[in-house]
Amino acid sequence: MHLRKAKLMFFWVRYPSSAVLKMYFPDIKFNKNNTAQLVKWFSNFREFYYIQMEKYARQAVSEGVKNAEDIHVSADSEIYRVLNLHYNRNNHIEVWRPQVPPNFRFVVEQTLREFFKAIQSGKDTEQSWKKSIYKIISRLDDPVPEYFKSPNFLEQLE
DNA sequence: GGCCCCCCTG
DNA sequence: CAGGGGGGCC
């Protein structure tokens with residue numbers, strides 16, 4: 001399986017269905033096991049992502065940020081660098097293609113704001129308070145570029 | 001049953 | 001990241 005490629009896909013999709021994943025790994029002969037593994041990878045990717053989001057959102061609250069709208073994420077933001085290090089360790093996208101999709105920055109910003117609002121309003125004390133946030137973020141997936149289907153995708157990363 | 005997702009571990 | 005368990009949905 002192609003872990004690096006899967007991680008790069010995360011910049012576009014946080015909740016890809018197994019059907020979509022299969023389309024973007026045309027060179028893989030899927031079976032129950034590797035399909036479950038790929039799906040599991042994204043689950044793990046999301047966990048890392050949300051852990052970081054909660055961490056930075058709480059940091060914003062402690063720093064006295066008043067409104068969620070005051071939270072801004074740019075390529076220079078620490079959170080952005082942390083995420084890039086995790087999903088794009090060798091800056092494959094930058095060197096090979098123009099850039100990380102602009103919408104990813106937006107998604108991160110939205111996620112931070114949602115966590116911030118939940119924490120600030122004390123909803124983080126409720127049972128499964130993250131569920132509603134997950135639902136919102138799940139609607140922000142973008143189409144994965146066609147070039148991810150290229151048989152030479154991984155080679156082009158080198 | 002089968003498929004997903006989340007949670008918690010190691 | 002992989003394993004295993006719990007719970008929801010069809």
Side-chain angles (χ1 to χ4, degrees), chain A residues 1-62 68 71 73 77-97 100-101 103-145 148-150 153-158:
Chain A
M1 294 297 275
H2 312 307
L3 177 60
R4 287 182 303 153
K5 177 177 173 178
K7 283 191 172 185
L8 292 177
M9 284 180 69
F10 191 78
F11 283 119
W12 282 269
V13 290
R14 270 60 60 187
Y15 291 85
S17 65
S18 57
V20 166
L21 289 175
K22 289 177 179 177
M23 286 194 287
Y24 285 89
F25 289 89
D27 57 325
I28 299 293
K29 296 158 292 297
F30 282 100
N31 56 50
K32 297 286 184 184
N33 292 324
N34 55 20
T35 297
Q37 179 188 43
L38 192 48
V39 169
K40 176 64 176 179
W41 278 357
F42 274 83
S43 177
N44 282 327
F45 295 165
R46 285 193 295 275
E47 290 192 353
F48 176 83
Y49 177 81
Y50 287 125
I51 286 173
Q52 300 306 314
M53 291 300 123
E54 182 177 358
K55 174 181 169 186
Y56 282 87
R58 289 190 183 287
Q59 188 174 304
V61 172
S62 67
I71 294 176
V73 173
S77 301
E78 184 183 349
I79 183 66
Y80 195 92
R81 293 205 300 278
V82 169
L83 295 173
N84 193 65
L85 184 64
H86 189 73
Y87 304 113
N88 185 24
R89 189 172 296 277
N90 299 121
N91 286 309
H92 286 137
I93 291 184
E94 268 192 337
V95 298
W96 178 57
R97 284 280 167 176
V100 168
N103 197 50
F104 183 68
R105 190 208 110 281
F106 172 78
V107 173
V108 172
E109 192 170 88
Q110 293 308 303
T111 310
L112 271 182
R113 290 178 175 178
E114 290 301 329
F115 267 95
F116 176 85
K117 288 188 288 184
I119 295 168
Q120 184 184 232
S121 63
K123 288 181 180 175
D124 60 327
T125 58
E126 295 173 13
Q127 275 309 301
S128 47
W129 62 283
K130 298 176 185 175
K131 296 285 187 182
S132 60
I133 296 177
Y134 296 165
K135 189 173 182 180
I136 293 173
I137 304 308
S138 70
R139 301 196 211 98
L140 304 180
D141 275 10
D142 288 298
V144 177
F148 268 76
K149 295 179 180 174
S150 168
F153 187 86
L154 291 174
E155 287 73 3
Q156 295 180 66
L157 293 180
E158 301 307 334

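Values below: every heavy atom of this structure, side chains too, minus hydrogens, waters and symmetry copies. So that the names make sense, note that chain A is the first sequence line, chain B the second, and so on, each numbered from 1.
Heavy atoms from other residues, nucleotides or ligands lying under 6.0 Å from NZ of A/Lys123 number 12 at most.
With B/dC7, B/dC3, C/dA2 as the candidates, the nucleotide lying closest to the side chain of A/Asn44 is C/dA2. With B/dG2, B/dC5, C/dC1 as the candidates, the nucleotide lying closest to the side chain of A/Lys32 is B/dG2. The side chain of A/Trp41 approaches C/dA2 more closely than any other nucleotide in the set C/dA2, B/dC7, B/dC5. Comparing B/dC5, B/dC6, C/dC1 by their nearest atom to the side chain of A/Val39 picks out B/dC5.
Residue A/Ile51 contributes atom CD1, which lies 12 Å from atom P of B/dC6 at whole-angstrom precision. Computed from coordinates, the A/Asn34 CG to C/dG3 C1' distance equals 17 Å when rounded to whole Å. What separates CD of A/Glu54 from P of B/dC7 is a distance of 10 Å, to the nearest Å. For the pair A/Phe48 CZ and B/dC7 P, the interatomic distance rounds to 17 Å; values are reported in whole Å. For the pair A/Asn31 CG and B/dG2 P, the interatomic distance rounds to 15 Å; values are reported in whole Å. Atom C1' of nucleotide B/dC4 and atom NZ of A/Lys22 are separated by 13 Å, given to the nearest angstrom. Between A/Phe45 atom CZ and B/dC4 atom C1' the separation is 17 Å, expressed in whole Å. In this structure, A/Lys130 places its NZ atom 18 Å from P of B/dC5, rounding to the nearest Å.
At B/dC5, none of the side-chain N or O atoms of A/Lys40 fall inside 4.0 Å of OP1 or OP2 (strictly under the cut-off). Note on A/Gln37: every side-chain N or O is 4.0 Å or more away from OP1 and OP2 of C/dC1. Taking 4.0 angstrom as the limit, A/Tyr15 places a side-chain polar atom (N or O) nearer than this to OP1 or OP2 of B/dC6. Between A/Tyr134 and B/dC7 there is a side-chain N or O to OP1 or OP2 distance below 4.0 Å.
Aromatic rings of A/Tyr134 and A/Tyr50 (six-membered ring for Trp) have centroids within the 6.0 Å cut-off, being under it.
Mapping A/Ser18 and A/Glu47 onto DNA chain B by nearest heavy atom places A/Ser18 closer to the 5' end of the strand.
The residues A/Asp124 and A/Lys130 are annotated as not salt-bridged, no charged nitrogen and carboxylate oxygen being separated by less than 4.0 angstrom.
Taking the six-membered ring for Trp and thresholds of 30 and 60 degrees, A/Phe10 and A/Phe42 have ring planes inclined between 30 and 60 degrees apart.
A donor atom on one side chain and an acceptor atom on the other are found under 3.5 Å apart for A/Thr111 and A/Tyr49.
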